[in-house]
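Any value given below was found using the heavy atoms of this structure, including those in side chains, with hydrogens, waters and symmetry copies removed.
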2 protein chains.
Amino acid sequence: MSREIRRTMPLLSMNIVMQLTELSARQIRYYEEHHLIEPHRTEGNRRMFSLNDVDTLLEIKDYLDQGMNMAKIKKLFAKKNEPVSTDERDLSDSELRNIMREEVRQAQRMQKSSIRRGDLSRFY
Amino acid sequence: MSREIRRTMPLLSMNIVMQLTELSARQIRYYEEHHLIEPHRTEGNRRMFSLNDVDTLLEIKDYLDQGMNMAKIKKLFAKKNEPVSTDERDLSDSELRNIMREEVRQAQRMQKSSIRRGDLSRFY
DNA sequence: AATCCATGTTAGGAAAGCTTACATGAGTGG
DNA sequence: CCACTCATGTAAGCTTTCCTAACATGGATT
C-alpha cells in the first residue's frame with residue numbers, strides 16, 4: 001500500500017525515462033495520448049514519470065515488439081485495470097471513486113512534500 | 001554490489017531533489033562546491049542526482065540543523081569515506097584505481113543504457 | 001491506389017537549469 | 001564595535017530541455 005505510493009511517485013523526467021526505456025520522446029508522448037500512461041506534470045507543464053510509468057512503458061515496448069498494435073495493447077491494459085469481477089467486488093462506485101481520489105491526492109502530496117530522513121531506504 | 005550501482009544511478013533532476021530534500025538549488029550547489037556530493041552531468045551540463053546523493057544531502061541537512069558547520073561535516077564525510085584501515089587492506093594503489101575506474105564506467109553505462117524488462121523491480 | 005498507424009522531424013516558444021557575481025544577516029575573533 | 005567569515009539569497013544572461021502542433025513517411029491493410 002505505501003509501496004504503491006512509492007511506485008507512483010513522479011520522480012523522473014523525460015530525459016531519464018527515454019534512457020531507461022530506450023523509447024523516443026515521440027513514442028512516450030504517443031502512448032500517453034492513448035492513455036496508456038498519465039504522467040504527472042510540474043507547474044511548468046513538464047512530464048514527471050513514476051517507476052510505475054517506466055514499467056508500463058517497458059511493457060508496451062514488449063507488446064509492440066511482439067507485433068501487437070496499440071488497439072490490442074489498450075484492451076490488454078483495460079482488462080488489467082478492470083475493476084474486480086462483479087462477484088468478488090463489494091465496493092460501491094462512490095466508494096471506489098473515493099479510494100481513487102485519495103490515491104491521487106497521496107501521489108500529489110508525495111510529489112510536493114519532502115521525505116523524512118531514512119525514508120529513502122525504501123527505494124533500493 | 002549491484003545494489004551499489006542502483007543507488008548511484010543518476011536518475012533525478014535538480015527539481016525533484018529540491019523537493020525530496022527541501023533544500024534550495026543554491027544550497028545543493030554549494031554542498032557540491034564543497035565536494036560533499038558529485039552529481040553526474042548530462043551532455044548539456046545538467047546535474048543528475050542518484051539516490052545516494054539525496055541520502056547524503058539529507059545527512060548534510062541533519063548535521064547543519066544540529067549546528068555543525070561545513071568544515072566539520074566535510075571531516076565527518078572524509079572519515080566515512082576513508083580507505084579501509086591499513087591492516088585490513090590488501091590492494092595496491094593501482095588495483096584500487098582500477099576498481100574505482102570500473103565503478104565509474106559502470107555508473108556511466110547505467111546512465112546511458114537502458115534496462116531490461118524486470119530490472120525495474122529492484123527499485124521498489 | 002487509398003488509408004491507417006506508429007513514428008520521425010521541425011519550428012517556435014516556455015520552463016528549468018547553469019555559472020557568475022553581488023548582497024546579506026548571523027556569528028566570531030580581535 | 002569593527003572586520004570577517006560562512007551559509008544562503010537573489011539577479012542577470014545564457015543554454016538546454018521540454019512542450020505542442022503540424023506535417024512527413026514507410027510499412028501494412030484494404
Side-chain angles (χ1 to χ4, degrees), chain A residues 9-50 53-54 56-78 111-112 114, chain B residues 9-50 53-54 56-78 111-112 114:
Chain A
M9 257 181 95
L11 293 173
L12 310 172
S13 57
M14 197 49 161
N15 203 350
I16 204 71
V17 172
M18 290 172 61
Q19 292 176 201
L20 290 174
T21 61
E22 278 186 333
L23 293 168
S24 68
R26 182 69 168 91
Q27 287 176 299
I28 295 171
R29 295 194 194 109
Y30 184 68
Y31 306 150
E32 179 187 8
E33 226 170 89
H34 284 269
H35 304 100
L36 295 178
I37 53 172
E38 313 215 341
H40 277 257
R41 299 292 185 125
T42 65
E43 283 187 16
N45 198 34
R46 266 131 192 240
R47 274 168 262 256
M48 291 300 288
F49 302 85
S50 67
D53 291 329
V54 175
T56 301
L57 289 171
L58 290 170
E59 215 172 331
I60 294 170
K61 202 183 172 193
D62 273 1
Y63 292 146
L64 286 172
D65 284 352
Q66 289 170 28
M68 222 176 278
N69 65 14
M70 292 299 289
K72 275 177 197 155
I73 295 176
K74 267 193 203 183
K75 276 180 199 163
L76 250 183
F77 278 90
Q111 184 186 28
K112 297 217 161 187
S114 75
Chain B
M9 260 182 94
L11 293 174
L12 310 173
S13 56
M14 197 47 159
N15 202 350
I16 205 72
V17 171
M18 290 172 60
Q19 291 174 201
L20 290 173
T21 61
E22 278 187 332
L23 293 167
S24 69
R26 182 68 168 95
Q27 287 175 299
I28 294 171
R29 295 193 194 109
Y30 184 69
Y31 306 151
E32 179 186 9
E33 226 171 89
H34 285 268
H35 305 100
L36 295 178
I37 53 173
E38 311 215 342
H40 277 258
R41 298 291 184 127
T42 66
E43 285 188 14
N45 199 33
R46 263 127 195 244
R47 271 169 264 255
M48 292 299 289
F49 303 85
S50 67
D53 291 329
V54 175
T56 301
L57 289 171
L58 290 170
E59 215 173 331
I60 295 169
K61 202 184 172 192
D62 272 1
Y63 291 146
L64 287 172
D65 284 351
Q66 289 169 30
M68 222 176 277
N69 65 12
M70 292 299 288
K72 276 177 198 156
I73 295 176
K74 267 193 201 182
K75 277 181 198 162
L76 250 183
F77 278 90
Q111 183 184 29
K112 297 217 161 189
S114 74

| request: Grab the NZ-C1' distance between A:Lys74 and C:dA6 for me, whole Å please. | output: 13 Å

| Over how many whole Å does the gap from A:Met48 atom CE to C:dA16 atom P extend? | 10 Å

| query | Roughly how far apart are A:Phe77 CZ and A:Tyr63 OH, rounded to 0.5 Å? | reply | 5.5 Å

| query | Out of C:dC18, D:dA7, D:dT17, which has the shortest distance to the side chain of B:Met70? | reply | D:dA7

| field | A:Arg26, nearest nucleotide to its side chain (from C:dA6, C:dG8, D:dT20) | value | C:dG8

| query | Among B:Ile60, B:Asp53, B:Thr56, whose side-chain contact (heavy atoms from CB on, under 4.5 Å) with B:Tyr31 holds? | reply | B:Ile60

| task | Figure out the CZ/P separation between A:Arg41 and C:dA14, and round it to whole Å. | result | 16 Å

| request: Return the nearest nucleotide to the side chain of A:Ser13; candidates are D:dC18, C:dC18, C:dC22. | output: D:dC18

| message | If I take atom CG in residue B:Asn15 and atom P in nucleotide D:dC19, what distance separates them, rounded to the nearest angstrom? | response | 13 Å

| task | Measure the distance from NE2 on B:His34 to P on D:dA7 and round it to the nearest whole Å. | result | 6 Å

| Test side-chain contact (heavy atoms from CB on, under 4.5 Å) applied to A:Arg46 and A:Arg41, step by step | CA-CA 5 Å; A:Arg46 266 131 192 240; A:Arg41 299 292 185 125; over 6 Å; no

| message | What is the separation between atom CD1 on B:Ile16 and atom P on C:dG17, rounded to the nearest whole Å? | response | 10 Å

| Taking atom P of D:dT8 as reference, at what distance in whole Å does atom CG of B:Leu57 sit? | 11 Å

| task | Kindly indicate whether the side chain of A:Asp62, heavy atoms from C-beta on, has any atom under 4.5 Å from the side chain of A:Glu59. | result | no

| Rounded to the nearest Å, what distance is computed from the CD atom of residue A:Glu33 to the C1' atom of nucleotide C:dG8? | 14 Å

| note | Assign each of B:Ala25 and B:Gly44 the nucleotide of DNA chain D bearing its closest heavy atom; nearer the 5' end lies the nucleotide of B:Ala25

| request: May I ask you to verify whether the side chain of B:Arg46 and the base of C:dA16 hold a donor-acceptor pair under 3.5 Å? | output: yes

| request: Apply side-chain contact (heavy atoms from CB on, under 4.5 Å) to A:Leu64 and A:Asn69, showing your working. | output: CA-CA 6 Å; A:Leu64 286 172; A:Asn69 65 14; 5.8 Å; no

| said: Heavy atoms from C-beta onward define the side chain here; which of D:dC18, D:dT8, C:dT19 lies closest to that of A:Met14? | reply: D:dC18

| remark: Quick note, B:Gln27 side chain, CB onward, closest among D:dT8, C:dC18, D:dC18 is D:dT8

| task | Find which nucleotide of DNA chain C each of A:Met68 and A:Asn45 is nearest to by heavy atoms, and output the residue with the more 5' nucleotide. | result | A:Met68

| field | Distance below 4.0 Å between A:Thr42 side-chain N/O and C:dA15 OP1 or OP2 | value | no

| request: Tell me what A:Arg29 touches on the nucleic acid: a base, only sugar-phosphate, or nothing, going by heavy atoms under 4.0 Å. | output: base

| Side-chain N or O of A:Tyr30 less than 4.0 angstrom from OP1 or OP2 on C:dA6? | yes

